[in-house]
Amino acid sequence: MAKKAPRRTAERILEVSLNLFNRFGEPNVSTTLISAELGISPGNLYYHYPAKDELINALFDRLEAGLNPLLHASDGVRDVEDAWFFVHTLFEQVWAYRFIYRDLNDLLSKNRHLEARVQVLLRQKARSLRTMLQGLQRSAQASMDAREIETTAQSMVVVLTYWLSFEYAQDPRRALEPEQAQAAWVRGAQHVLGLMVPYMPAQQRQHLLHLAGSYGGSAAVAAPSHP
């Protein structure tokens with residue numbers, strides 16, 4: 001039983017650190033604050049995570065572990081409803097680790113290990129979204145050539161990665177609080193999927209608009225059709 005205690009402490013450290021990072025931003029949370037919140041000594045914290053970067057890397061491990069199976073799910077996207085559920089679910093996972101996205105540029109400037117891993121994750125996101133668009137193309141839910149698919153997939157990665165930073169910039173005091181989660185997911189999904197609206201038949205565009213509205217979204221996805 002005694003061997004399990006360090007593992008439980010390490011888990012608690014990660015959980016509390018994630019909560020504090022999400023609430024206040026990683027640059028504003030010190031290891032001293034984390035120790036105080038946990039009610040443990042700084043030495044106990046350092047025993048498990050000798051540096052703050054190790055805490056961040058461990059949390060990024062968890063983000064990756066949650067995102068990887070979701071990204072592979074793009075293979076099963078065949079229609080607009082599938083696409084909505086897929087992107088909305090991605091945003092749920094992003095939200096759970098939102099400090100990484102909000103503070104991304106600052107984190108990358110200090111953590112070279114994270115820099116390499118984020119680049120891999122961005123490529124994985126692009127590949128997954130490209131697969132989603134190809135599936136919609138094959139099922140006649142969208143009409144796109146290879147170049148349009150590639151450009152749209154990359155643009156979707158940009159929105160997926162930086163949407164929460166945009167939300168935060170608009171309302172730094174409230175945007176990333178827990179009660180804003182559902183609205184942020186819906187707006188993010190709207191704007192990611194809105195990028196493919198110009199390539200969709202009218203019926204699919206209307207269905208996407210209906211899905212966004214049913215989740216409390218606006219008419220932002222109702223873009224004009226592609227000439």
Side-chain angles (χ1 to χ4, degrees), residues 6-38 40-74 87 89-131 150-169 172 175-176 184-185 188 191-192:
R7 187 157 52 247
R8 287 199 297 269
T9 300
E11 290 293 312
R12 286 180 58 231
I13 290 170
L14 287 182
E15 290 166 5
V16 169
S17 298
L18 178 61
N19 181 52
L20 291 173
F21 291 160
N22 280 342
R23 286 172 59 196
F24 303 116
E26 181 275 333
N28 302 316
V29 176
S30 66
T31 52
T32 302
L33 176 59
I34 296 170
S35 300
E37 187 76 9
L38 282 159
I40 64 176
S41 69
N44 196 356
L45 175 65
Y46 295 141
Y47 171 78
H48 295 283
Y49 299 99
K52 193 178 178 185
D53 278 355
E54 293 194 25
L55 266 174
I56 293 164
N57 292 339
L59 289 171
F60 192 82
D61 286 344
R62 290 186 166 195
L63 170 64
E64 281 186 321
L67 277 177
N68 282 337
L70 297 179
L71 292 174
H72 287 301
S74 65
V87 174
T89 305
L90 287 180
F91 269 108
E92 290 184 39
Q93 185 68 15
V94 166
W95 177 270
Y97 295 86
R98 56 195 176 278
F99 85 92
I100 292 175
Y101 290 84
R102 181 182 61 188
D103 304 325
L104 183 59
N105 290 349
D106 185 67
L107 290 169
L108 293 179
S109 71
K110 300 182 295 186
N111 187 327
R112 294 300 297 273
H113 179 67
L114 188 65
E115 177 184 338
R117 297 180 67 188
V118 166
Q119 290 172 4
V120 171
L121 182 58
L122 291 175
R123 289 193 294 270
Q124 291 171 337
K125 288 179 180 178
R127 183 165 56 249
S128 178
L129 290 163
R130 191 184 308 119
T131 298
E150 183 62 32
T151 300
T152 304
Q154 292 292 344
S155 297
M156 286 178 164
V157 172
V158 173
V159 178
L160 183 63
T161 303
Y162 288 101
W163 179 255
L164 292 184
S165 293
F166 178 69
E167 291 269 335
Y168 179 74
L176 301 188
W185 302 340
H191 285 273
V192 167

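Numbering of residues begins at 1 and proceeds along the displayed sequence.
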Requested in this report: Not counting sequence neighbours, which residues clear side-chain hydrogen bond (donor to acceptor under 3.5 Å, both in side chains) with Arg117? List them please.
Outcome: Asp61, Glu64

Query raised in the report: Ignoring hydrogens and geometry, is there a side-chain-to-backbone donor-acceptor pair from Asn111 to Leu114 under 3.5 Å?
Result: yes

Query - Separation of Asn57 CG from Leu107 CG (nearest 0.5 Å) - result: 9.5 Å

**Report entry** Pairs involving residues 13-23, ordered by first then second residue, that meet side chain to side chain donor-acceptor pair (under 3.5 Å) (sequence neighbours left out)
**Finding:** none

Query raised in the report: Which atom names give the shortest non-hydrogen contact between Leu129 and Ala153, and what distance separates them?
Result: CD1-O, 4.0 Å

Query raised in the report: Would you say Ser35's side chain and Thr31's backbone share a donor-acceptor pair under 3.5 angstrom?
Result: yes

Query raised in the report: Where do Glu26 and Arg102 land on the salt bridge (charged side-chain N to carboxylate O under 4.0 Å, His left out) test, with the steps shown first?
Result: CA-CA 9 Å; Glu26 181 275 333; Arg102 181 182 61 188; over 6 Å; no

Report task. Please list all pairs passing the side chain to side chain donor-acceptor pair (under 3.5 Å) test where one or both residues lie in residues 91-101, with sequence neighbours left out. Result -> His88-Glu92, Tyr101-Lys125

Query raised in the report: Minimum heavy-atom separation for Pro172 to Ala169, with atom names?
Result: CD-O, 3.9 Å

Query raised in the report: Going from CG on Leu63 to CD1 on Ile56, what distance comes out if it is rounded to the nearest 0.5 angstrom?
Result: 13.0 Å

Requested in this report: Drop me the distance from Thr9's OG1 to Tyr49's OH, to the nearest 0.5 angstrom.
Outcome: 10.0 Å

**Report entry** Side-chain heavy-atom pair Phe166, Val159 within 4.5 angstrom cut-off
**Finding:** no

**Report entry** Steps toward side chain to side chain contact (heavy atoms under 4.5 Å, CB included) verdict (Thr152, Met156)
**Finding:** CA-CA 6 Å; Thr152 304; Met156 286 178 164; 4.0 Å; yes

Report summary line: For Asp106 and Pro27 the tightest heavy-atom approach is OD2-CG, 3.4 Å

Query raised in the report: Is the backbone of Leu71 close enough, under 3.5 Å, to the side chain of Ser74 for a donor and an acceptor to pair up by distance?
Result: yes

**Report entry** CG-CZ distance between Leu14 and Phe21, expressed to the nearest 0.5 angstrom
**Finding:** 9.5 Å

Query - Min side-chain heavy-atom separation Ser165-Tyr162 under 4.5 Å - result: yes

Query - Over all atoms of both residues, closest heavy-atom pair of Phe24 and Val29 - result: CB-CG2, 3.9 Å

Query - Atom pair CD/NZ of Glu115 and Lys110 - distance to nearest 0.5 Å - result: 14.0 Å

**Report entry** Spacing of Leu45 atom CG and Ile13 atom CD1 [to the nearest 0.5 Å]
**Finding:** 5.0 Å

**Report entry** 4.5 Å side-chain heavy-atom contact, Phe99 and Leu20
**Finding:** no

Requested in this report: Kindly determine whether Leu55 and Ile34 satisfy side chain to side chain contact (heavy atoms under 4.5 Å, CB included), including the steps that lead there.
Outcome: CA-CA 11 Å; Leu55 266 174; Ile34 296 170; 3.8 Å; yes

Query raised in the report: Where do Arg8 and Glu11 land on the salt bridge (charged side-chain N to carboxylate O under 4.0 Å, His left out) test, with the steps shown first?
Result: CA-CA 5 Å; Arg8 287 199 297 269; Glu11 290 293 312; over 6 Å; no

Query - Side chain to side chain, Thr89 and Trp185, heavy atoms closer than 4.5 Å - result: no

